[in-house]
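Reviewing the structure listed below.
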Amino acid sequence: MRFSSLFLLAPALTGGLLAGCQSRNSPPELITRSTLPDSTEAAPTDTAVVAAPRDGITGAGIGQYIKVLSADDFQGRKPFTAGETKTTEYLASEFKKLGLKPGPNGTYFQEVPLVEITGRPDSIMRISGGKGKPFNLQYKTDFMAFTEQEKPQVSVSNSPLVFAGYGVVAPEYNWDDYAGLDVKGKTVVVLVNDPGNAGNDTTMFKGKAMTYYGRWMYKYEEAARHGATGLLIIHETRPAAYPWSVVQTSYSGAKLRPQTPDRGASKCKLEGWITLDAARRLFTAAGLRYDDLYAAANLRGFKARPLGLNVSINIHNKIRRTSSKNVLAVLPGATRPQEYIIYTAHWDHLGIGPTVKGDSIYNGALDNASGVAALLTIAKAYTQLPKSPDRSIVFLAVTGEEQGLLGSAYYAEHPVFPLNKTVADLNMDMLRPYGPMRDVTVIGYGQSDLDDYARTAAKEQQRYLQPDKTPEEGHFYRSDHFSFAKVGVPALYASGAFDSRARGKEYIEEQNKTFTAQHYHQPSDEYNPAWDLRGMEQDARLLFTIGRRLAGETTFPQWKAGSEFKAARDKSMGTRK
């Protein structure tokens, strides 16, 4: 995703957008057990499930799509590979079988121009200077390194290291880690997440909730804006929300980036991560204590510190500029076909990568064959309705989410259908296979009128609505709904995530932890025929219900007062005829 474009927005929007998914001026409604319908008050062992309507949405149908899309012969569905060709052709074929129309260009594809950079860093990162002898950090064990500059070789030689706290410039919070700092020619070392670090200090920024400032892509962009040679992020599992193994698999091999006129020249030469242990070694070599500087970085008035160390590394690149594909299909509306509801899910995953326990295919069954399976199932349900809905329904399977929301960002910047006539985006990503759920968790709760649509649909399933329980993990910025929100289209990203109807919250908490630690972005994210997919069925039906309601209305849902996305929507809708 071209996150640099975020900073071309009006200052009021930019400040609010970077401030996080909920404005201080518009706090979300707090949902407690006492405010929920009686039907949600049952004990955790309650197994009651609302009878499913005959709409064609079934767990078995969703499971069959997951099984196909996550099979080994799809090769992990990585863009620019044979796996992409097989995946996109399969999706187009399924859309055609359902009788859905292609896009205005006469095909089911939207070309997304990207550049693929396959970087091969030196096996060691050389650290010199300081009070001790030079030493090396080991590739993959201690660091991951890459570049967005489209050059056969990028060399960093004796670049001075500077610790700049969180690498954040947030005027609305009166925070500037780069104040008085000249980083030209230097490599900046920063902490992951926001000041306050995932809620250790809830009085800072948005408290427990991560803001956009906490995301890795922002930190790379900010360092580049200040002219830094490089940026290294210190990985720590809890504030990052994933283990080092995810960094290893996500930042090795070929990486995709949007094509830019300057071929990445405005980016830092070096982008990367180092482990917490490697960071401690760096600070010790500099004669400093990591814990002391960590504490200082979380205090207002922190000043960046030169480490008295230099870093050197070479990255050898193989570069390919071509296009990936978004896949889209349309069910034309019966009376207002020029107005659109969009369903999104990303089809891509990580492809073939490092071998783990004898397996090198990163199948991505839950991430995100599950979302695409729900998308196809919902599409099928729409085609089985007695008559088409009044508004058009668009089914959009996007590329490059794993590489930074690339496909959805491209669509948002080059929309096939006018944004000011797009009613809403309903997004699906990583649905849970743990059976019927009682909660409907909304990522970015409190932002728009879509919460009310979700609440009504949830009540029909005897479920309750709640905000994200782990806002420190920054999910609002990690899936494709964000690309639509950024350009003003109300977007909903909601699913059952925390409360099993049969086994309660502790069971789901344990399952979520296990998946993140052992299977997220690993070859073991594979289809399992023992999964209970009734929860996925619930979520698909919930979004189907919401979409049908939106499609039958003449009004447009709005961002709530205080939302950082409201200004973009208001501007867009002011031109709607």
Side-chain angles (χ1 to χ4, degrees), residues 1 62-94 109 112 114-120 140 144 146 242-257 318 320 322-327 344-376 397-408 428-431 433 478-480 515-529 531 536:
M1 182 177 187
I62 293 171
Q64 186 57 38
Y65 283 129
I66 296 175
K67 184 177 180 180
V68 171
L69 287 163
S70 63
D72 281 357
D73 56 352
F74 279 71
Q75 300 181 18
R77 306 188 307 279
K78 187 170 185 177
F80 286 15
T81 69
E84 163 166 7
T85 301
K86 185 155 191 171
T87 301
T88 55
E89 289 181 353
Y90 170 78
L91 293 175
S93 174
E94 290 301 305
F109 304 119
V112 181
L114 301 172
V115 58
E116 179 187 72
I117 304 176
T118 305
R120 182 172 56 82
K140 291 191 176 181
M144 298 298 296
F146 49 96
Y242 38 77
W244 179 250
S245 60
V246 171
V247 179
Q248 290 174 313
T249 56
S250 299
Y251 293 95
S252 57
K255 295 293 295 177
L256 301 180
R257 294 291 181 263
K318 183 171 72 173
R320 182 163 56 128
T322 185
S323 293
S324 184
K325 292 182 176 69
N326 290 333
V327 189
T344 52
H346 72 90
W347 61 254
D348 66 299
H349 198 54
L350 303 180
I352 298 174
T355 300
V356 180
K357 297 181 180 179
D359 190 357
S360 62
I361 298 177
Y362 291 67
N363 304 81
L366 295 185
D367 185 16
N368 181 39
S370 66
V372 178
L375 180 83
L376 291 169
V398 296
T399 184
E401 189 271 357
E402 301 290 3
Q403 312 280 336
L405 314 183
L406 302 180
S408 60
M428 292 155 280
D429 194 351
M430 258 177 53
L431 304 179
R478 290 169 59 178
S479 195
D480 295 297
F515 178 80
T516 300
Q518 299 180 16
H519 308 298
Y520 178 60
H521 282 198
Q522 298 298 312
S524 55
D525 180 10
E526 298 181 302
Y527 173 74
N528 184 344
W531 280 338
M536 291 191 190

Whether Tyr527 and Trp531 hold their rings parallel, tilted or perpendicular, with breakpoints at 30° and 60°: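 Aromatic pair Tyr527/Trp531 classed perpendicular.
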Whether Phe146 and Tyr251 hold their rings parallel, tilted or perpendicular, with breakpoints at 30° and 60°: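 The rings of Phe146 and Tyr251 lie parallel, inter-plane angle below 30°.
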Which atoms form the tightest heavy-atom contact between [X] and [Y], and what is the distance?
X	Y	result
Val112	Leu406	CG1-O, 4.3 Å
Glu526	Asp72	OE2-OD1, 4.4 Å
Arg320	Phe80	NH2-O, 3.0 Å
Lys325	Thr399	O-CB, 3.4 Å
Tyr362	Thr249	OH-CG2, 3.5 Å
Glu401	Ser479	OE2-CA, 3.7 Å

Under 3.5 Å side-chain donor-acceptor pair for His349 and Asn363: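 Absent: no donor and acceptor within the cut-off.
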Close side-chain approach of Lys78 and Glu402, heavy atoms under 4.5 Å: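 No - every pair of side-chain heavy atoms lies 4.5 Å or more apart.
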Close side-chain approach of Glu84 to Asp348, heavy-atom, < 4.5 Å: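 A side-chain contact is absent here, since even the closest heavy-atom pair is not under 4.5 Å.
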Separation between NE2 of His521 and CG of Leu350, rounded to the nearest 0.5 Å: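 Result: 5.0 Å between the selected atoms.
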